[in-house]
Number of protein chains: 2
Amino acid sequence: MATIKDVCKLAGVSKATVSRVLNNTGQVKKATTEAVYQAMEALDYKPNSLARALATNTTNTLGLVVSAFEGAHFSSLMRRASETAAAAGRQLLIMNGGHSRETEQQAIDSLVERKVDGIILYTRKMPEDALKQLLRNLPIPLIVINQQVEGFEERCISFNQYQAAQQATEFLLSKGHKDIACITGPDSSANSGLRLQGFKDTLAAHRLQSCGIYRGDYFSQSGYRACNDLLASKLSFSAIFTANDNMAMGAIRALHEAGLRVPHDISVFGFDNDPAGEFTIPSLTTVMVPIEEMARSAIEQALRLIDGQEISTIALFSGNLIIRESVDHL
Amino acid sequence: MATIKDVCKLAGVSKATVSRVLNNTGQVKKATTEAVYQAMEALDYKPNSLARALATNTTNTLGLVVSAFEGAHFSSLMRRASETAAAAGRQLLIMNGGHSRETEQQAIDSLVERKVDGIILYTRKMPEDALKQLLRNLPIPLIVINQQVEGFEERCISFNQYQAAQQATEFLLSKGHKDIACITGPDSSANSGLRLQGFKDTLAAHRLQSCGIYRGDYFSQSGYRACNDLLASKLSFSAIFTANDNMAMGAIRALHEAGLRVPHDISVFGFDNDPAGEFTIPSLTTVMVPIEEMARSAIEQALRLIDGQEISTIALFSGNLIIRESVDHL
DNA sequence: TTGTATGCGTTATCAG
DNA sequence: CTGATAACGCATACAA
């Protein structure tokens, strides 16, 4: 690989000058500029971004830590985040935060070592205190998606899970359902907890109670199993509230195999608005989580922080009910 | 951030010594070693990986270029690739290759600039000549997933799309279908072309011909539209061969809306074995593409190349029919 | 066993 | 407008 030195020789100028035309900083005579460009061309010169980063202490890169690669939710997050970063001339380094607090921490450490300019953490495992620590001590800006941290509101991007669950539950109630079972997410998931709480509280406000709460892990398979458990329990229910669309699909399949029709016999409410839900049979009634806007927001907020701009807190994002076929009136 | 200098001062030793304990290279007295460790601890010292990379000319990082973030196929690819890399003590830098040859090239250039030790390219757009160029001229090892390049077989990991399509088509024929429509992928996709060819050739071998070929873009929506176009054409068909599961789901939905039942009236064959296909109604008959093994293979092959080991060519991966509900006999 | 000196490829601060 | 030259943080050959 050709280095700046090679360009110097070929163009007959100093490193300083090459650097100047490279970053067009300072004044350079047109003729020399062109000579330099020609030399670069001839040598197929590509600046070494490591050396540059070492010198400038900035990598033009943002780090994104996700807690999974699976599912439309994360796909959208990653895509939009990478697009937004690219549009701002930055690159995005995506790391898997894995299944535990430790692996999330490792991902962050590794990003810090790599000197990314800022980090966006979609957290599922990190407790609030730990996040506070990080927000305080990390040498670079950190934006947290998916959890509110007291005192750092302007660095948190999150979705009003609780309210969305309320809306969903109210919708189910408005359709006459009173015996509603629930398939919730892993108990380590803050989202899942809030969705469940919103569900329970709404029922309680109507002096009702869930007729059975089963736990899944956000994969279809777990929704399928949970629903089979529910069926085996012989509880009577007319609707299921699920913590995501994948599990809803699994549940619908289980109901189907049990000879129950959705929504004729049982209604199923999803969560996340997975694009697939538009095409399943029945199509999924669910709540849209504006994950793409959240991704964009997170990146933009991180960039502001990096540029030392003023930042103001970003309102909680809220959901929309997507009413399709899987829920019907009782 | 503390640097090696700070550690030197606190521990009362030279940079060389700190460096030695850091990489445990060379002999260091136990006492000094511990002093250094303590100093590092006290300062929360994290080595600057950029500086290290600049000095050693190796980043312990592999680059992966994918052509999309959406869909189970790529999720599995990314996850397994990152796991395999992690298991080998390397990190994985994932970049979006986007929708064109240019963006794929940019992603590669950017990875090269970042001095990753090797690149895995899942290509959808790069023509064979361009790949040859890259394989010849890139300063670091390149592994290509998804396309065979003549003369570089040992650096290509690919799936026998053609054969899998043949198997699928034979299966359809064995069920008595003779009027088979097709929803294929974008014409820029090599995979898609091979699948289509396998389909056509198999029909031809039976002196048959597809009764209509429609084009989609791998998203469900496009399968839905294509199927509606197919229906509008009033062609008579008893089965549809689709180039991926998402489009199959879209097509099934379109058929459903048209009052046609799958598989009773029309059979639909998918491709890729998306995990969702196990739970859709009807569940999807499809072909399993061992994308995870391919990902692992690609990473391992790249590592061998980087370590200067001998490499041998890896056989084409082949698929398995996953027979579920969406195809029935005529 | 430890320290010194040099280089990795840039940027940036000076003079000129 | 241009050229030396000192950082940037670390690894490493060579001395001691």
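Below, chains carry the letters A, B, ... as their sequence lines are ordered, and counting in each starts from 1.
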Point-to-point distance, once rounded to the nearest 0.5 Å, from CD1 of A:Ile157 to CG of A:Leu121: 12.5 Å
Rounded off to whole Å, could you give me the CG-to-P distance for the A:Asn57 and C:dA12 pair? 11 Å
So, B:Arg90 and B:Asp307, do they make that salt bridge, N to O below 4.0 Å? yes
State plainly whether the residues B:Glu83 and B:Arg80 are in salt-bridge range, i.e. N to O under 4.0 Å. yes
Polar atoms only, N or O, under 3.5 Å: list the protein pairs with nucleotides 14-16 of chain C and their distances.
none

Tell me whether B:Phe152 at atom CZ has more than 12 heavy atoms from other residues, nucleotides or ligands lying less than 6.0 Å away. yes
Protein-nucleotide distance (A:Gln27, atom CD; C:dA12, atom C1'), rounded to Å: 16 Å
Find the distance B:Asp6:CG to D:dC8:P and express it as a whole number of Å. 11 Å
Is the number of heavy atoms from other residues, nucleotides or ligands within 6.0 Å of NZ (B:Lys132) greater than 12? yes
Hey, what are the protein-to-nucleotides 7-10 of chain C N/O distances that come in under 3.5 Å?
{"unit_1": "C:dG9", "atom_1": "N2", "unit_2": "A:Ala51", "atom_2": "O", "d": "3.4"}
{"unit_1": "C:dT10", "atom_1": "OP1", "unit_2": "A:Tyr45", "atom_2": "OH", "d": "2.9"}
{"unit_1": "C:dT10", "atom_1": "OP1", "unit_2": "A:Asn48", "atom_2": "N", "d": "2.9"}
{"unit_1": "C:dT10", "atom_1": "OP2", "unit_2": "A:Ile4", "atom_2": "N", "d": "2.6"}
{"unit_1": "C:dT10", "atom_1": "O5'", "unit_2": "A:Tyr45", "atom_2": "OH", "d": "3.2"}
{"unit_1": "C:dT10", "atom_1": "O4", "unit_2": "A:Lys15", "atom_2": "NZ", "d": "3.0"}

Rounded to the nearest 0.5 Å, how far does OG of A:Ser82 lie from CD1 of B:Ile94? 11.0 Å
Considering only NZ, NE, NH1 and NH2 on the basic side and carboxylate oxygens on the acidic side, decide whether A:Glu292 and A:Arg79 come within less than 4.0 Å. yes
What's the spacing between B:Leu54 CG and A:Asn48 CG if we round to 0.5 Å? 6.0 Å
Could you tell me whether the phosphate oxygens of C:dT2, OP1 or OP2, come under 4.0 Å of any side-chain nitrogen or oxygen in B:Ser14? no
Give B:Val18 one of three labels, base, sugar-phosphate or nothing, depending on what nucleic acid heavy atoms sit under 4.0 Å from its own. nothing
Could you check how far CD of B:Glu34 sits from P of C:dT1, rounded to whole Å? 14 Å
Any base atoms under 4.0 Å from B:Thr32, or only sugar-phosphate, or nothing? Heavy atoms, all strands. sugar-phosphate
Is any side-chain N or O of B:Thr17 closer than 4.0 Å to OP1 or OP2 of C:dG3? yes
Take atom CD in B:Glu41; do more than 12 heavy atoms of anything else shown fall under 6.0 Å from it? no
